[in-house]
Structures are given as C-alpha cells and as structure tokens.
S.K.: 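This is the structure I have questions about; it appears just below.
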There are 2 protein chains.
Amino acid sequence: MSNKLPFARHEFIDRLTRMKHEMTRRGFDVAVLMDPSNIYYLTGYAGLSAYVPQGLIVDVEQEEPIFVTRMMDVKCAYHTAFMRPENVVGYPEDMIANEKGDGTDFLLDFMRGRSLLRRRIALEKGAYQLTLSAWDKFCNAGAAHPIGDCTRLVTWLRLIKSPAEIVYMRQAGEIADSAIMAAVEAIRPGVRQCDVGAAILAAQARGLPGFGGDHAIQPNIGIGPKTDSPHLTWTDEPYQLGQATTLELGGSRFRYVSGVSRTIQLGKPPRELVDLHEVTVAGMQAAVEAARPGRVCGDVWDAFDAVIKPSRFEKTSRLGYSIGIDWLEWTASLQSGNRTELVPNMTFHMICGMWEQEGWGYVLSETFLVGDSGVESLSRSPRQLFVIA
Amino acid sequence: MSNKLPFARHEFIDRLTRMKHEMTRRGFDVAVLMDPSNIYYLTGYAGLSAYVPQGLIVDVEQEEPIFVTRMMDVKCAYHTAFMRPENVVGYPEDMIANEKGDGTDFLLDFMRGRSLLRRRIALEKGAYQLTLSAWDKFCNAGAAHPIGDCTRLVTWLRLIKSPAEIVYMRQAGEIADSAIMAAVEAIRPGVRQCDVGAAILAAQARGLPGFGGDHAIQPNIGIGPKTDSPHLTWTDEPYQLGQATTLELGGSRFRYVSGVSRTIQLGKPPRELVDLHEVTVAGMQAAVEAARPGRVCGDVWDAFDAVIKPSRFEKTSRLGYSIGIDWLEWTASLQSGNRTELVPNMTFHMICGMWEQEGWGYVLSETFLVGDSGVESLSRSPRQLFVIA
C-alpha cells in the first residue's frame, strides 16, 4: 500500500460523524452511497470506477464504512481510501457484463449476510449512478423497511469547507489561473484550436512548482460564433484574427475544483463585446459586494441583475453554484429567489456567462470563498477582456 | 451557425433509419434517449450538458429527431447537431435547481403537446442519465401505453462501424500512440508524475499535424506500487528510479476513441515483470490470431487464457470490449463464454491488464479493427516493455 491520503483520518471520521447525525435525525440506520464525489468526500476513494456498480455502506453503528466494488478496484481503494483493508470488499469479475447478476446483486447479498437488510436503509435516489435496475433490486431484496431517500444528504455536508479543503481550493484557484494564462499565451492567428487546448490541459495537470494538478477537467471553450454556447470544445481549425474565445476551466487539486472563466479576443474587439465585458464586470463587482454572511444566494443574483437589467444585455441563466469536489455541487445556487444563507467557508463558482446573443458571447467567472465579512476571490487573473494584438 | 459536422447528413439519417427499423420490430413508436453517446451517434450533438435533464425524441414517423435541452444549450445543438433549428427545443433556465419542476417536466409537457404520449414510448432504462425521478414522471404522465425499455438498442447499432467512423478510429489510434510516446519521453527520475500527466494530456489534445485530438480523456496511470490498480491517476510526487508505470489512455477524434496501454519501467525491470510482459505479449498474440469473423468473443478470451493459465500468472478480469464513441460500448465483451460473433468493422479494445499481484502489475492493450479475415491493430506502438535506462 502506498497510502498517502489528502486528509487526516480524523477528518474523514468527522465527516462520517456529521453524516451519521443527519442519518439518525432522518431515521436511517444504513446509507448506501453511489455518488462518486460523495464516496470520495467520506473516504478518499479515488478509483475511476463508477461506470460499474459499487456502493459505500455507512452504518450509524460502525466507525468505518464498508466499500463494495469490483474486484479489480479493491486495490484502488487500498491505495486511496482511509479504511482498513477488511472494509473493502470486491465482487467477482464474472459479474461484469453478465445478464444473470451484477455488482448490485453481490452488494445486496453482502448486506443480507451482515443482517443489514433488517435495518432502515437509504439510497441516494437522485444519484445518476443509481440505475433503475439497482433501485428495483434494493426494493425487492426483502428489506424489513421501505428503502428511504438520502439524496444530497452528503452533498449538503460538503457545502461548508474545512481548513484543509480550503487549502486545496486555493491551490486549485492558482492552477486555474495558470491555465487561463497558458491559453492567453497560446492563442495566436494560425495556431490550431486543439494546440491551444493542449496548452490548457498541460497547465491544468502541471499545476504550480509547489504542487501539481491532479486531474484533467475538460474545459468549455467557444471560439468565433461558438462563443454563444456554454458547453462546447475545440476543433483542429486554425485560429483567425478577429475571433473571440470564451474559456471556462477548472483547476483541480485532490479533486477540489476552482473554476475560472475569461474571454480572449484575437485582434480588435467589436464595440458590443467591450460593452458587454464592461457591464458584466460591473455586475460581478456588485454581486461580490452583495455576497456576505447572513445574506442569501438570491441577494447575490439580485445585485448582478440590478446592473445587467438596465443595460441592453440580458442573462437568464443562474449566476453560479456551490463548488468543490469534482466541480458542481447540487446545493446552494446563486439564483433568483434562492433562500440559502451564505455562511463562512462556503465556496461558490460565480459564472457570469452571457450567452443570450446569437453568434457571439462573453464569459467571466471566478470562484469565491465566503469569509467572515465578505467574499474573497480564489483567482488572481485580472478581470479583463484579454486582447491579443 | 458554424456547423461543421463530423458526418454527412445522410449518415445520420441512415443511423436513424436502422434505429427506427429496430424500434418498429420491438413495437415502439417513440424513443426518448438520454445516453449522451447515443445522442451524439444519432445527431452529432456535442454539448457537455448531460448533467441536467435532456432527451432526444426519435419518432418512427419523422425523419429528424427532436432534441429537448436546457435553453443555454440550444445553441450548442445548432452548432453541432444535424437537425434543423426547429427540431431543437430549449426549456427555461428557471427549471434548473428548481424543486417545483425540472427539464423532465418540460420534456413531458412538450410530448403531450405533440400528442406523443398516445404513442408507444420507450426509454433507455439502463442509462445512468435516466434518474428514478425522471422514470417516475414518465410512468405517471398519463401515457396511453406502459413505458417500454430500449436500453442499448442504439448501443448495439454502434457495434459495426461505418467507413467514416473507421477513419476516425484510425486517427484516434495514431493520437493514442503519440500520447504513449510522449509519456515514454517524459518519464525520468525526479520528474513529477503530474508533469508526465501534462505531457500525455497535451499529446492527446494536439493529435497529429494533419488532425487534432478533440477531447481529453483522463488516462489511467499506476506508478510504483499502484501499478497493481487499474483506475488511478498521478500525484505530484517525483518519479524514482526503479518505478514502473502502467498507462492506459485513449486517443480521441470526434469522440471516437482508440485505447492503447503500455508499461514503462524506469531502470532495470525486475525479472518477474519481464516474465509477465513476455507471457502477456504471447497471450495477446494468441488472442489476435483467434479473432476473426465467424469466431465469437469467448474464443478470443479462451485463446488468451490458454497462454496465461499454464504460467504462474493469472487474469480474472475480461479481455476487452467493443469501443467507439466516448470509449467503452456496453455490448460485445471479450469474456469467457461470450457468444457475440465477430463481424467485419467491429472495433475492440483488447486490454491485457494484469492486476492480480499485490504491489505491482502490468498492462498491455491495443484497439483492433475486425477485417475480412482477421484483425488489424489501430496502434503502431511497439509491443514492448519500455525500459528507460
């Protein structure tokens, strides 16, 4: 074993303790988690294996959870999860691509053998990894109680970051900045879009001299007319003078992600792009000033909207969301009417994506840490429209 | 619109025609697809937006399908999908992170408005993107018939590749080779693992001078003792003399992926690693010779197993699977007893991952195209244990 955990054992135990309190409050004895970000949060397990059945069994009466996974991934858990090896259980390889039984059947047999089916069980019903088939198997396994729903129970626990998590979020912000600068340096007329992509990905992985990036997250890149679209990527066409690039990317450190977005113009920017940049920067500044403990997420949206609405531009999509492990957390949302209160040590990706026009667009984003009296950006990239002459 | 499709319109229409024949055969009028690889196959839609509800409505009576997606992603579809703009429909942004209604509700309202709920509807019940909540909404929408299951209906159509797809698979193979060579060139004592990762990712994106890589796929990398694990990644620790690296990566061209794996040894390899390399190469060669049209997937496994079993090594995991868009296809499987027949223009990732030992391991893989009389590797990387002196 070459176990070098990103967090001390006591931090994992603390996370589990908070989870078990919440389970008890909701009347659950045993939760079986399938969301890989939640499994990572609670254990450190970092195998990229969620494309086959696996489950983390959290029992309120046991200190350590038990991870049930495909046999070949048991050693991924030995290397990355904090539990003792006896709490990692593998199912046989012949249960892969086998119509007669899969890892979920093994998981249920294991739970039956430990008498866990007599307890009050909950699953994350909203998790993409919980297939209909797995849900049906749980419901028909002869459990003593109906299967409960613990969707986002753990996700909400992730909302407020620990000091150790904040260290990684800050490092992720530095990595993201370096990737933005790599793009600014690479974009030139005649350079292929994919070569700019290569420079970005390399910067994301390389990180800084003192710490590396651990994970590649596909950036969202719009080039030329595709700057009106938020979720596209590069082609191998060469850059042309006059093209703009909208670039949203994440730096990642031990899977903690800070997002940063900037718009880069090759050649003289059109007046309307400069105007949109200026009003968006002003909107972000207003939103940042509105973001402080005690305010709610909807207040941040309102402050941005108050700047944009009187302009000739508009934004209908939300202004951001809580961010952390593997990017987006489905909890706090910077959105009209959202009542989630801002609390110190939350982290938000505030994404001012201006995609309402047809054929052109603009994006500006940063990741913010909520402090005691306001928010602090985890990015030091200048808040400018980068113009490459 | 900057529509530059990876395939001609008639190829998408042909794929849809084959799908509709199969739908009719199974008694379905309307299929609503959520698997993003299947949506890409049928339409070219390339937005990275499957983390929110979306669905492709294929009606056996209509030439073009209708794509329902989040409003901000409508333009992603204009830029990348082959359909006319009127066949792309966006739902409002306030249905994101909204407890009262989400994109699935909009999708069902849209189908109701088009009288599609009176038809015989099928969903991909096995798709990760189909949440329990979405399934329940479909079942309770007042459809005239019970909701059917078309899981992997499209995935099976993807099994045999067209000439245009094979062009991309070959290019993907070249990209994968270049990324393997980038790793071999980068691994040196004292170099940080993440800097090797950066070199690999850059090669994946850059591709070749004549065509670029379009997409970053996280490689699986085991280093030192982690070579016993298939699904881990790098850290920022420096390489040490004596360490081995197992590297599984994909080149990707218009999302068509060819996988290649090699093992790289820094310094003199231990005798047992050389032995395992030699027996694995022999096993792969036997498997390649067994793979020809008319044989079945299980024969390929048997040929490999016949070489490995008499050795002191073992392999319990399967030998590979059909590969194409976004890597793994859940159809043909190179596995003991599998009866899927090999047919020309199938493509397989044959992965000889030898992870049975504790603390060390070995991997060798290539992507093969089934031809008229045998198989052809899409990789030109030498089938060797790379030793860096």
Side-chain angles (χ1 to χ4, degrees), chain A residues 1-2 4 46-49 51 71-73 75-76 79-80 93-94 96-97 125-126 128-133 135 192-195 197-199 201-202 205-207 211-216 218 220 224-226 228-236 316-318 328 330 333 335-336 355 358, chain B residues 1-2 4 46-49 51 71-73 75-76 79-80 93-94 96-97 125-126 128-133 135 192-195 197-199 201-202 205-207 211-216 218 220 224-226 228-236 316-318 328 330 333 335-336 355 358:
Chain A
M1 250 194 284
S2 61
K4 206 172 166 184
L48 296 172
S49 54
Y51 64 101
M71 187 64 81
M72 71 159 61
D73 293 310
K75 281 171 285 181
C76 293
H79 287 298
T80 61
E93 285 293 330
D94 65 7
I96 296 296
K125 287 186 71 171
Y128 284 120
Q129 292 74 24
L130 178 63
T131 59
L132 293 173
S133 149
W135 172 253
R192 295 184 308 168
Q193 297 176 7
C194 58
D195 293 328
L201 297 180
R206 192 187 309 124
F211 51 87
D214 63 331
H215 195 69
Q218 179 73 22
N220 292 309
K226 293 181 184 171
D228 69 2
S229 300
H231 295 125
L232 295 177
T233 184
W234 59 77
T235 71
D236 59 8
T316 56
S317 53
R318 62 179 176 165
L328 176 60
W330 282 103
S333 180
Q335 194 172 21
S336 179
W355 300 294
E358 192 114 348
Chain B
M1 248 194 287
S2 59
K4 206 172 167 182
L48 296 173
S49 54
Y51 64 100
M71 187 64 81
M72 71 157 62
D73 293 312
K75 282 173 284 183
C76 294
H79 288 298
T80 60
E93 285 293 330
D94 65 7
I96 297 296
K125 287 187 69 172
Y128 284 121
Q129 292 73 24
L130 177 63
T131 59
L132 294 172
S133 148
W135 173 253
R192 294 183 309 169
Q193 297 176 8
C194 58
D195 293 327
L201 297 179
R206 191 188 308 125
F211 51 85
D214 64 330
H215 194 70
Q218 179 73 21
N220 292 308
K226 293 181 184 171
D228 67 3
S229 299
H231 295 127
L232 295 178
T233 184
W234 59 76
T235 71
D236 59 8
T316 56
S317 52
R318 63 179 176 164
L328 176 59
W330 282 104
S333 181
Q335 194 171 21
S336 180
W355 299 294
E358 191 115 349

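Naming: A, B, ... by sequence-line order, numbering from 1 per chain. For the numbers below, each heavy atom of this structure counts, side chains included, while hydrogens, waters and symmetry mates do not.
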S.K.: When heavy-atom pairs shorter than 4.5 Å are enumerated against chain B, which of A/G224, A/A199, A/S133, A/G47 gives the highest number?
M.R.: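 With the most close heavy-atom pairs to chain B, the winner is A/G47.
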
S.K.: I need the B/K226 NZ to B/T235 OG1 distance, nearest 0.5 Å.
M.R.: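 Atom-to-atom, B/K226:NZ and B/T235:OG1 are 5.5 Å apart.
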
S.K.: If we define contacts as heavy-atom pairs under 4.5 Å, which of B/G197, B/S317, B/G126 has the most with chain A?
M.R.: B/S317

S.K.: Report the option among B/Q129, B/K125, B/R192 that has the most heavy-atom pairs separated by less than 4.5 Å from atoms of chain A.
M.R.: B/R192

S.K.: As an exercise, state the distance from CH2 of B/W135 to CG of B/L130, rounded to the nearest 0.5 Å.
M.R.: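 CG of B/L130 is found 7.0 Å from CH2 of B/W135.
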
S.K.: Is it true that a side-chain atom of A/T80 and a backbone atom of A/A46 form a donor plus acceptor pair closer than 3.5 Å?
M.R.: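 Answer holds: yes.
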
S.K.: Taking every heavy-atom pair that is under 4.5 Å apart, which of A/H231, A/Q218, A/M71, A/E358 has the most such pairs with chain B?
M.R.: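 Winner by heavy-atom pair count: A/H231.
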
S.K.: What residues, two or more places apart in sequence or in another chain, satisfy side chain to side chain donor-acceptor pair (under 3.5 Å) together with A/S333?
M.R.: A/R318, A/Q335

S.K.: So which residue, A/L328, A/T131, A/D94, A/I96, ends up with the most heavy-atom pairs under 4.5 Å with chain B?
M.R.: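 Of the candidates given, the most pairs with chain B belong to A/I96.
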
S.K.: Nearest 0.5 Å, what's the CG-CD distance between B/D73 and B/E93?
M.R.: 8.0 Å

S.K.: What option among B/L232, B/T233, B/T316, B/N220 has the most heavy-atom pairs under 4.5 Å with chain A?
M.R.: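 Top count of heavy-atom pairs under 4.5 Å with chain A: B/L232.
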
S.K.: What part of A/W355 lies closer than 4.5 angstrom to a heavy atom of chain B: side chain, backbone, both or neither?
M.R.: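 Both the backbone and the side chain of A/W355 come within 4.5 Å of chain B.
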
S.K.: Could you work out, with side chain to side chain contact (heavy atoms under 4.5 Å, CB included) as the rule, every residue matching B/S336, not counting sequence neighbours?
M.R.: B/W301

